[in-house]
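Following: one structure in structure tokens, then a few remarks.
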Amino acid sequence: MPKVSALDMPDVPKGKLPEHLEVQRTRVVCNADAPIYTEPFHYSGAFALMGVDNSVTLESFCKNLKIEVIELTEDTMEFDMIGIDASLANAFRRILIAEVPTMAIENVLMVNNTSVIPDEVLAHRLGLIPLNADPKLFEYLSEHDTPNERNTIVFKLAVSCKKGSPRLTVKSDQLKWLPGGSELEMESPTPSAKPRTYTSFSRSQDSMPEFANKPLGVKHQDIIIDKLGPGQAIELEAHAVKGIGKVHAKWSPVATAWYRMLPEVILLKEIKGVDAEKLVKKCPVNVFDIEDVGKGGKKAVVANPRACTLCRECIRGVNEPQVELRRAKDHFI
């Protein structure tokens, strides 16, 4: 944005900021060497003399906050949060990582493991396998609760590699869901007592309406758990429970969660002909495009500003500024 002397600035009506101050308040401007206007104006009376209220109230926050879902697939989600501060955007990011519950394997009852992977490492690998289970259908299991059909999912893994056979790859699809609960009997001090298992299911999970049409299991069938040599075997039972990422990363529902400010790309003047073609070729992510203006003329236009990665190739090596790169301080992707 060109600099203008304060004596030459036009009159601004009360309750509205001059253009250069509005840019400082709401945008980060990215120059070729470094960004400027990175600090927000937190003081509520920063622009009081101009009749502009810079305070944040609950009413204004609720009015200005918008969430727009841009892309939603089975494995990814991209959405925009508009009308919030960077601190709140980061708070939502941390909540996604650490406080959204999922189901994950927590307890592993090892019956036999003669593979090269130690018991504790094998249990850790099992805990990191994503499960195809809706956590809203389950309750949390506390240390005083008994594992039952409402708070525990039981899986069984029993594989072996016969002597003389080639090495066997054990994958996640070999984890079998046990809808009736644990099949391993607990040791009893009195031999005459009725055998008990490690769970107390009052009914089978596959008879429950929420699981009848959608069996529980692993999300991906081809995750390698272990490799067995001839004569080696694994037999275990894995119990999955509900948890959150702040307790252990295996309960985190996201592989990663990040945000960035919405890019704005502004042409400071009309760029035509050869200069327009040079500008289009400079950008590695195709932010710019060529538009025909008739009689064989061409000019550069901003076609996809959202794709800008702030590589700043378009503003490097120019004698006169042609493009200004900005980021909106209250719009996060």
Side-chain angles (χ1 to χ4, degrees), residues 1 11-30 35-103 134-140 210 242-247 249 251-266 287 302 304-310 324-333:
M1 189 173 65
D11 292 334
V12 178
K14 195 75 170 176
K16 187 177 180 181
L17 291 177
E19 183 184 359
H20 71 287
L21 281 182
E22 185 64 23
V23 169
Q24 290 184 36
R25 189 175 76 92
T26 62
R27 299 291 185 269
V28 174
V29 178
C30 305
I36 58 175
Y37 312 143
T38 56
E39 294 294 326
F41 289 91
H42 289 301
Y43 175 47
S44 60
F47 309 106
L49 291 177
M50 300 179 187
V52 176
D53 184 9
N54 196 50
S55 62
V56 178
T57 62
L58 179 60
E59 290 77 18
S60 64
F61 174 78
C62 295
K63 180 180 178 181
N64 296 328
L65 175 63
K66 295 179 183 177
I67 298 179
E68 297 177 359
V69 178
I70 307 300
E71 180 185 5
L72 179 61
T73 67
E74 192 173 359
D75 295 317
T76 62
M77 181 179 186
E78 180 181 339
F79 60 94
D80 287 10
M81 299 192 72
I82 307 166
I84 63 170
D85 186 70
S87 57
L88 282 175
N90 191 51
F92 278 103
R93 183 189 69 84
R94 291 171 64 95
I95 289 170
L96 289 173
I97 293 173
E99 297 188 32
V100 177
T102 62
M103 302 295 292
D134 187 353
K136 294 193 292 292
L137 302 177
F138 292 89
E139 301 169 355
Y140 285 100
E210 51 265 52
K242 186 175 180 178
I244 55 176
K246 68 164 63 175
V247 176
W251 280 298
S252 180
V254 292
T256 184
W258 54 268
Y259 65 86
R260 64 188 180 109
M261 289 183 283
L262 179 74
E264 289 183 356
V265 182
I266 300 170
V287 169
V302 180
N304 188 17
R306 189 183 180 91
C308 178
T309 60
L310 208 63
E324 184 170 88
L325 303 178
R326 299 177 180 176
R327 295 292 173 113
K329 291 181 180 179
D330 65 343
H331 190 144
F332 295 88
I333 300 172

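Just the heavy atoms: all of them, side chains too, but no hydrogens, waters or symmetry mates, feed the values below.
Looking only at side-chain heavy atoms (C-beta outward), Met77 and Leu72 come within less than 4.5 Å of each other. Side-chain contact between Asp80 and Arg306 is present, with at least one heavy-atom pair separated by less than 4.5 Å. Counting heavy atoms from C-beta outward, Phe41 and Gln24 have side chains that approach closer than 4.5 Å. Contact of the Ile36 side chain with the Val28 side chain is not registered, since no non-hydrogen atoms from C-beta on lie closer than 4.5 Å. Considering only heavy atoms from C-beta on, Ile97 comes within 4.5 Å of Val254 through its side chain. Side-chain contact check for Met261 versus Phe332: some heavy-atom pair is nearer than 4.5 Å. Taking 4.5 Å as the limit, some side-chain heavy atom of Leu21 sits within range of a side-chain heavy atom of Met50. When side chains are defined from C-beta on, Tyr140 counts as touching Ile244, because their heavy atoms get closer than 4.5 Å.
The distance from atom NE2 of His331 to atom OG1 of Thr26, rounded to the nearest 0.5 Å, is 13.0 Å. Distance check, rounded to the nearest 0.5 Å: CZ of Phe47 to CD of Glu22 gives 8.0 Å. Here the CD1-OG1 distance, from Ile70 to Thr76, works out to 12.5 Å after rounding to the nearest 0.5 Å.
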Could you walk me through whether Asn54 and Arg25 satisfy the side chain to side chain contact (heavy atoms under 4.5 Å, CB included) test, starting with their C-alpha distance in whole Å, then the side-chain angles of each, then the deciding distance to 0.1 Å, before giving a yes or no?
CA-CA 10 Å; Asn54 196 50; Arg25 189 175 76 92; 3.4 Å; yes
Begin from the C-alpha positions of Leu325 and Val265 and carry the test side chain to side chain contact (heavy atoms under 4.5 Å, CB included) through to its verdict.
CA-CA 5 Å; Leu325 303 178; Val265 182; 4.0 Å; yes
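For the salt bridge (Lys or Arg N to Asp or Glu O under 4.0 Å) test, no residue two or more places apart in sequence or in another chain qualifies with Glu68. Listed by chain and residue number, Glu264 satisfy the side chain to side chain donor-acceptor pair (under 3.5 Å) test with Arg27 (two or more places apart in sequence, or in another chain).
Between Arg327 and Thr309 the shortest heavy-atom distance is NH2-C, 3.8 Å. Residues Glu39 and Lys329 approach most closely at O-NZ, 3.3 Å, considering heavy atoms. Taking all atoms of both residues into account, the shortest heavy-atom contact from Pro101 to Lys242 is CB-CE, 3.8 Å. When all heavy atoms of Pro263 and Cys308 are compared, the closest pair comes out as CG-O, 3.6 Å. For the residue pair Pro305 and Val287, the shortest heavy atom distance occurs at CA-CG1, 4.0 Å. Shortest non-hydrogen contact noted between Leu310 and Cys30 is CD1-SG, 3.4 Å.
For residues 61-98, no pair satisfies ring pair (Phe, Tyr, Trp, His ring centres under 6.0 Å), with sequence neighbours left out.
Using modelled atom types, no side-chain atom of Lys246 and backbone atom of Ile95 make a donor-acceptor pair closer than 3.5 Å. Judged purely by atom type and a 3.5 angstrom limit, Lys66 has no side-chain atom pairing as donor or acceptor with the backbone of Ile82. Formation of a donor-acceptor pair under 3.5 Å by the Ser252 side chain with backbone atoms of Ala249 is not found in this model.
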